[in-house]
A.B. asks: 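I'd like to ask some things about the structure below.
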Amino acid sequence: MSEPGIRPDGATIADEDDGIRLDRWFKRYRPGTPHALLARWARLGQLTLDGKKADVSDRIAAGQKLVMPTPPVEAEARPARKGRPLTDADVALAESMLIHRDASAIVLNKLPGLATQGGTKTEQHVDGLLDALKFDGPTRPKLVHRLDKDTSGALLVARTPRAAAYFAKSFSNRSAKKTYWAIIVGVPDIQQGEIALPLAKQPGSGGEKMHVHDSGLASKTRYRVIERAGNSAAWVELQPLTGRTHQLRVHMAAIGHPIVGDGKYGGKGAFLTGTISRKMHLHSRRLRIDHPDGGAIDISAEVPEHFAASLDALGFDLLLGEVGIDPAEKGPPPKSALKAQAKAHSKQIRKARRGERRGRTAESKPTDFVGKPKPKAKAKPGKSGKPAPGKPAGKKPSAKKHPARAPKAS
């Protein structure tokens, strides 16, 4: 079916576009074509790949023949708006966040307070800085996932369309592993566990806020208490097993332990007194994801200045964060992890035995296991100073025979 003024056009999908969605191809090579027009072409069967009807959401492959209509010039939409030119300060900011770079990927340590993408009244954001990170790549780098504006840490950026499609698939099928650090208000009763609470958009918030609701999407988060500061705060490791908006923040607030600095979900109770910063204490610490060229990316991002200051002020030991809640991986664990495990174990023993020596009396017995005194043996007849029933007083019980013992060396 054709329309007046529409003539056929075609293209061959290039290697660098392998795996991307068809609508992304149009944004890249036909930026003036509105999405509504693409949807109409697909609905009328005017978009084909290798002669078969295609949809705007279809993934395309290198070498495929794309046939599409070409609208008359007057029907084309205005060209895509260009971003503002980057300043020297923008370039320096982008390069300062770079912690990993290879032919297919870039990893940034995103600063807290910097949005991932633009929006209303948001002039500076990571997406707007990516032109500064093109280096010798064939195309402009592309975001493949996001972090909240006030969340810091590891953020993956693809350098090629092929890598972008590969990484996007890894995030959608949950094969990518993300580990976060957070400081929370209070201490959970259970030191390690899983939070499974469905999340939905909160009515009246314009989609800007989530809440726990039975009709929401299934959401799961694993957590582990790394260390506690009395009963006032805890340093925790979080792993999102699903990828819902604000998932970690909502889940921690829902169990009564909001992330420090998260007034959106924790209200006034999300802030600690004293010198602890009022900024959000949520950090994307580690990212592990398979690489499109083989192997994997496994990288950790250092905590920002305010987070590090809070860890120090609360007396937390950074080394303890090296012990994770993941199942053991192949090969021996790193020495730093073994050292942290030993230190954590020793610390638990010291806490369990705290005050033990102070409370001992002259007759108390040593402990043979942590936290509980060794049970006292029942007194045998004749050893307590009182005669056993049925036996005359003063008669000693017969001595038990023992094997001969070697004399002690002098």
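Numbers for residues simply follow the sequence, beginning at 1. Nothing here was measured: the structure is a model prediction, and the numbers come from that model. Heavy atoms only: backbone and side chains are in, while hydrogens, waters and symmetry mates are out.
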A.B. asks: Would a distance-only check, ignoring hydrogens and angles, find a side-chain to backbone donor-acceptor pair under 3.5 Å from Asp50 to Lys65?
C.D. replies: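 Yes; judged by distance alone, with no hydrogens or angles, the pair exists.
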
A.B. asks: Let me see the working for Lys110 and Ser152 under side-chain hydrogen bond (donor to acceptor under 3.5 Å, both in side chains), right down to the final yes or no.
C.D. replies: CA-CA 5 Å; Lys110 189 187 83 64; Ser152 57; over 6 Å; no

A.B. asks: If you count every heavy atom of other residues, nucleotides or ligands that lies below 6.0 Å from Glu305 atom CD, does the total exceed 12?
C.D. replies: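 Counting neighbours around CD of Glu305, 12 or fewer heavy atoms of other residues, nucleotides or ligands fall under 6.0 Å, so no.
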
A.B. asks: For the residue pair Arg249 and Asp148, establish whether any side-chain heavy-atom pair is separated by less than 4.5 Å.
C.D. replies: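 Yes, at least one pair of side-chain atoms sits under 4.5 Å.
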
A.B. asks: Can you find a pair of side-chain heavy atoms, one from His257 and one from Val236, that are under 4.5 Å apart?
C.D. replies: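 His257 does not reach Val236 side chain to side chain.
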
A.B. asks: Of all heavy-atom pairs between Val187 and Ala234, which one has the smallest distance, and what is that distance?
C.D. replies: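 Closest approach of Val187 to Ala234, heavy atoms only: CG2-CB, 4.1 Å.
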
A.B. asks: Going by heavy atoms in the side chains, are Pro203 and His211 under 4.5 Å from each other?
C.D. replies: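 Contact flag for Pro203/His211 side chains = yes.
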
A.B. asks: Give a yes or no on whether the backbone of Ala200 and the side-chain of Arg244 come within a donor-acceptor separation of less than 3.5 Å.
C.D. replies: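 Such a contact is absent between Arg244 side chain and Ala200 backbone.
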
A.B. asks: Does the side chain of Leu238 reach to within under 4.5 Å of the side chain of Met252, using non-hydrogen atoms?
C.D. replies: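 Heavy-atom side-chain distance check passes, below 4.5 Å.
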
A.B. asks: Which atom pair, heavy atoms only, marks the closest approach of Asp290 to Tyr166?
C.D. replies: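 Scanning both residues, the minimum pair turns out to be O-CE2, 3.3 Å.
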
A.B. asks: For the atom pair CG (Leu133) and CZ (Arg101), what is the distance rounded to the nearest 0.5 Å?
C.D. replies: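 Between atom CG of Leu133 and atom CZ of Arg101 there are 9.0 Å.
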
A.B. asks: Given 3.5 Å as the limit, does a donor-acceptor pair link the side chain of His283 with the main chain of Ala301, or not?
C.D. replies: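 At least one qualifying donor-acceptor pair exists.
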
A.B. asks: Please tell me if the side chains of Met68 and Phe26 come closer than 4.5 Å, counting only heavy atoms from C-beta onward.
C.D. replies: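 Yes, close enough: below the 4.5 Å cut-off.
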
A.B. asks: Which heavy-atom pair separates Gln247 from Leu199 by the least distance, and what is that distance?
C.D. replies: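 So the two residues come closest at CA-CD1, 3.8 Å.
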
A.B. asks: To check you understand the geometry: which heavy-atom pair defines the closest contact between Ala115 and Lys149, and what is its length?
C.D. replies: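 In this case the closest contact between Ala115 and Lys149 is N-CG, 3.8 Å.
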
A.B. asks: Is Asp58 reaching over with its side chain to a backbone N or O of Asp55, donor-acceptor style, under 3.5 angstrom?
C.D. replies: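 Yes, the answer is positive, given that a donor and an acceptor are paired below the 3.5 Å cut-off.
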
A.B. asks: Counting only heavy atoms from other residues, nucleotides and ligands, does the tally under 6.0 Å from CG of Asn173 exceed 12?
C.D. replies: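 Correct, the count exceeds 12.
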
A.B. asks: Just by distance, do the side chain of Arg59 and the backbone of Gly19 share a donor-acceptor pair under 3.5 Å?
C.D. replies: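 Yes; at least one donor-acceptor contact below 3.5 Å.
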
A.B. asks: Please give me the minimum heavy-atom distance between Pro198 and Asp214, naming the atom from each residue.
C.D. replies: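 Nearest pair, atom of Pro198 first, then Asp214: CG-CA, 4.1 Å.
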
A.B. asks: Between Arg159 and Asp136, does any side-chain N to carboxylate O distance fall below 4.0 Å?
C.D. replies: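 Yes, this pair counts.
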
A.B. asks: Take Lys178 and Phe171 through the side-chain contact (heavy atoms from CB on, under 4.5 Å) test and state the conclusion after the steps.
C.D. replies: CA-CA 10 Å; Lys178 294 179 287 184; Phe171 281 107; 4.1 Å; yes

A.B. asks: Consider only side-chain N and O atoms of Thr48 and Lys53, and report whether a donor and an acceptor are under 3.5 Å apart.
C.D. replies: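 No, because no side-chain N or O of Thr48 sits under 3.5 Å from a partner of the opposite role on Lys53.
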
A.B. asks: Among Leu108, Val107, Ile106, whose side-chain contact (heavy atoms from CB on, under 4.5 Å) with Ile99 holds?
C.D. replies: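 Passing option: Val107.
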
A.B. asks: For the CD atom on Glu302, are there more than 12 heavy atoms of other groups (residues, nucleotides or ligands in this structure) within a distance under 6.0 Å?
C.D. replies: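 12 or below, so no.
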
A.B. asks: Mind checking the CD1-CZ spacing from Ile276 to Phe307? Nearest 0.5 Å is all I need.
C.D. replies: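 That separation rounds to 10.5 Å.
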
A.B. asks: From His125 NE2 over to Thr116 OG1, what is the distance, rounded to the nearest 0.5 angstrom?
C.D. replies: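 Those atoms lie 10.5 Å apart.
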
A.B. asks: Please evaluate residues Asp90 and Gln124 with respect to the criterion side-chain contact (heavy atoms from CB on, under 4.5 Å), reporting the C-alpha separation (whole Å), side-chain torsions for both, the decisive distance (0.1 Å), and the verdict.
C.D. replies: CA-CA 9 Å; Asp90 291 332; Gln124 191 177 55; 3.2 Å; yes

A.B. asks: Is Ser284 reaching over with its side chain to a backbone N or O of Gly153, donor-acceptor style, under 3.5 angstrom?
C.D. replies: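 Absent.
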
A.B. asks: Heavy-atom count check: over 12 atoms from other residues, nucleotides or ligands less than 6.0 Å from Lys209 NZ?
C.D. replies: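 Atom NZ in Lys209 is packed in, count exceeds 12.
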
A.B. asks: Could you tell me whether a side-chain N or O of Thr179 sits under 3.5 Å from a main-chain N or O of Arg285, the two making a donor and an acceptor?
C.D. replies: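 Not at all, since once roles are kept as given, no pair shorter than 3.5 Å links the two residues.
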
A.B. asks: For Arg146 versus Gln117, what's the shortest heavy-atom pair and its separation?
C.D. replies: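 Smallest interatomic distance, heavy atoms only, reads CD-OE1, 3.1 Å.
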
A.B. asks: We want to know whether His281 and Ser310 form a side-chain donor-acceptor pair, criterion being a heavy-atom distance below 3.5 angstrom.
C.D. replies: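 The answer is yes; a qualifying pair exists.
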
A.B. asks: For Trp235 and Leu318, run side-chain contact (heavy atoms from CB on, under 4.5 Å): C-alpha distance rounded to whole Å, both residues' side-chain angles, the deciding distance at 0.1 Å, then the answer.
C.D. replies: CA-CA 10 Å; Trp235 173 24; Leu318 269 175; 4.2 Å; yes

A.B. asks: So, do Ile289 and Leu156 sit near enough that their side-chain heavy atoms are less than 4.5 Å apart?
C.D. replies: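 Ile289 vs Leu156: side chains touch.
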
A.B. asks: With distance as the sole test, does His213 use its side chain to make a donor-acceptor pair with the main-chain N or O of Lys201 at under 3.5 Å?
C.D. replies: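 No; judged by distance alone, with no hydrogens or angles, the pair does not exist.
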
A.B. asks: Taking side chain as C-beta onward, heavy atoms only, is Pro240 less than 4.5 Å from Leu248?
C.D. replies: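 In short, these two side chains touch, coming nearer than 4.5 Å.
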
A.B. asks: Decide, yes or no, whether a salt bridge links Asp150 with Lys264 under the criterion of side-chain N to carboxylate O below 4.0 Å.
C.D. replies: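 Salt bridge flag = no for Lys264 with Asp150.
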
A.B. asks: Are Glu322 and Arg286 ion-paired here, with the side-chain N under 4.0 Å from a carboxylate O?
C.D. replies: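 Judged by the 4.0 Å cut-off on N to carboxylate O distance, Glu322 and Arg286 do not form a salt bridge.
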
A.B. asks: Got more than 12 heavy atoms from elsewhere within 6.0 Å of CZ, Arg278?
C.D. replies: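 No, not enclosed.
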
A.B. asks: Using modelled atom types and a 3.5 Å cut-off, is there a donor and acceptor pairing between side-chain atoms of Tyr265 and backbone atoms of His251?
C.D. replies: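 Checking the backbone N and O of His251 against the side chain of Tyr265, no donor-acceptor pair under 3.5 Å is found.
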
A.B. asks: Working to the nearest 0.5 Å, report the span between CD1 of Ile297 and CG of Asp102.
C.D. replies: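 Result: 5.5 Å between the selected atoms.
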
A.B. asks: Report yes if the side chains of Trp181 and Glu237 come closer than 4.5 Å at any heavy-atom pair, otherwise no.
C.D. replies: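 Yes, close enough: below the 4.5 Å cut-off.
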
A.B. asks: Could you give me the CA-CA distance, side-chain angles and deciding distance for Leu66 and Ile60, then say whether side-chain contact (heavy atoms from CB on, under 4.5 Å) is met?
C.D. replies: CA-CA 9 Å; Leu66 170 64; Ile60 59 179; over 6 Å; no

A.B. asks: Which distance, rounded to the nearest 0.5 Å, do you find between the OH of Tyr180 and the CG of Leu287?
C.D. replies: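 Rounded to the nearest 0.5 Å, the OH-CG separation comes to 8.5 Å.
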
A.B. asks: Is the closest basic N to carboxylate O distance between Asp293 and Arg162 below 4.0 Å?
C.D. replies: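 Salt bridge between Asp293 and Arg162, a charged N being under 4.0 Å from a carboxylate O: yes.
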
A.B. asks: Quick one: CD on Glu208 to OG1 on Thr245, what's the gap to the nearest 0.5 Å?
C.D. replies: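 Result: 9.5 Å between the selected atoms.
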
